[in-house]
Amino acid sequence: QVQLQESGPGLVKPSQTLSLTCTVSGGSITTNYYYWNWIRQPPGKGLEWIGYITYSGNSYYSPSLKSRTSISRDTSKNQFTLQLSSVTPEDTAVYYCARGVGNFGVVEYDYWGQGTQVTVSS
């Protein structure tokens with residue numbers, strides 16, 4: 001039913017800003033009580049949570065990335081966007097968007113995008 005699709009440039013130069021968009025179909029990003037997440041996986045490593053924007057438009061970020069992360073949304077297009085500034089090669093990863101639902105601080109991701117490879121290189 002719900003589908004998520006990541007889009008954006010696959011190659012970003014160091015010091016520039018990574019920008020990705022997640023387009024959601026089959027459900028509204030404003031519906032109670034869902035959380036719209038960005039998650040990444042560097043090559044050979046585990047999943048890392050980046051942040052989310054809630055159904056009401058509030059954004060929260062991982063402490064390790066907070067200073068250079070911004071998540072926003074366009075409700076008219078049913079999209080939410082990740083911007084990660086000052087990127088380095090260590091930001092190279094497969095980036096996923098995912099829908100989450102929480103209960104007392106525990107989150108479950110029920111729908112995922114297919115992921116998109118982003119490489120940071122000059």
Side-chain angles (χ1 to χ4, degrees):
Q1 181 68 272
V2 177
Q3 297 184 65
L4 294 82
Q5 177 67 61
E6 304 90 347
S7 62
L11 182 64
V12 184
K13 294 183 177 181
S15 81
Q16 295 188 342
T17 297
L18 180 158
S19 182
L20 297 172
T21 296
C22 183
T23 300
V24 179
S25 61
S28 174
I29 62 173
T30 65
T31 297
N32 299 352
Y33 296 97
Y34 296 120
Y35 299 76
W36 303 93
N37 299 263
W38 286 101
I39 301 160
R40 70 181 184 181
Q41 185 169 34
K45 299 181 180 179
L47 296 170
E48 178 184 19
W49 178 73
I50 300 169
Y52 63 67
I53 188 164
T54 73
Y55 59 93
S56 60
N58 298 312
S59 299
Y60 299 88
Y61 311 114
S62 169
S64 64
L65 298 170
K66 181 179 180 179
S67 65
R68 56 192 185 98
T69 303
S70 178
I71 299 175
S72 58
R73 67 180 184 172
D74 185 340
T75 58
S76 69
K77 298 180 179 180
N78 214 37
Q79 296 176 331
F80 62 104
T81 300
L82 169 69
Q83 291 189 301
L84 183 66
S85 66
S86 303
V87 299
T88 73
E90 292 186 351
D91 293 310
T92 294
V94 176
Y95 284 75
Y96 299 91
C97 54
R99 188 176 80 168
V101 58
N103 187 22
F104 300 104
V106 178
V107 65
E108 178 181 357
Y109 304 108
D110 55 357
Y111 291 96
W112 293 70
Q114 65 183 10
T116 186
Q117 173 71 45
V118 179
T119 299
V120 179
S121 176
S122 60

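For the single chain, residues carry numbers from 1 onward in sequence order.
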Legend entry - Partner of R40 under side chain to side chain contact (heavy atoms under 4.5 Å, CB included), chosen from T92, L65, V118: L65
Legend entry - Positive for side-chain hydrogen bond (donor to acceptor under 3.5 Å, both in side chains) with T23, one of Q5, Q79, Q3: Q79
Inset, instruction - Work out which heavy atom in P9 is nearest to a heavy atom in S19; give both atom names and the distance. - result: CD-O, 3.5 Å
Legend entry - S85 and T17, any side-chain heavy atoms less than 4.5 Å apart: yes
Legend entry - Any donor-acceptor pair under 3.5 Å from T21 side chain to T81 backbone: no
Legend entry - Audit row: E6, L82, side-chain contact (heavy atoms from CB on, under 4.5 Å) steps and yes/no: CA-CA 10 Å; E6 304 90 347; L82 169 69; over 6 Å; no
Legend entry - Heavy-atom closest pair, residues V2 and Y111: O-CD2, 3.2 Å
Legend entry - V107 with Y35, same ILVMFWY side-chain cluster at under 4.5 Å: yes
Inset, instruction - Decide yes or no for T116 and S7: does some side-chain heavy atom of the first lie under 4.5 Å from some side-chain heavy atom of the second? - result: no
Inset, instruction - May I have the step-by-step check of side-chain contact (heavy atoms from CB on, under 4.5 Å) for S25 and N78, ending in yes or no? - result: CA-CA 7 Å; S25 61; N78 214 37; 5.9 Å; no
Inset, instruction - With rounding to the nearest 0.5 Å, note down the distance linking CD1 in I29 to NZ in K77. - result: 12.0 Å
Legend entry - Check: Q83 main-chain N/O paired with S70 side-chain donor or acceptor under 3.5 Å: no
Legend entry - Side-chain touch W38/T69, heavy atoms, less than 4.5 angstrom: no
Inset, instruction - Keeping the roles fixed (side chain from N58, backbone from S56), state whether a donor-acceptor pair exists under 3.5 Å. - result: no
Legend entry - Side-chain (Y96) to main-chain (Q41) donor-acceptor, under 3.5 angstrom: no
Inset, instruction - Compare all side-chain heavy atoms of D91 with those of R68 and state whether any distance is below 4.5 angstrom. - result: yes
Inset, instruction - Of all the heavy-atom pairs spanning G8 and L20, show the shortest one and how long it is. - result: CA-CD2, 3.8 Å
Inset, instruction - Going by the ring pair (Phe, Tyr, Trp, His ring centres under 6.0 Å) test, name the single residue among F80, Y60, Y109, W36 that passes it with Y52. - result: Y60
Legend entry - Trace of the side-chain contact (heavy atoms from CB on, under 4.5 Å) decision for Y34 with V101: CA-CA 5 Å; Y34 296 120; V101 58; 4.3 Å; yes
Inset, instruction - Could you check I50, L4, V24 and say which one makes a side chain to side chain contact (heavy atoms under 4.5 Å, CB included) with C97? - result: L4
Inset, instruction - Give the minimum heavy-atom separation between P43 and A93, together with the two atoms involved. - result: CD-CA, 4.4 Å
Legend entry - Non-hydrogen side-chain atoms of I39 and W49 separated by less than 4.5 Å: yes
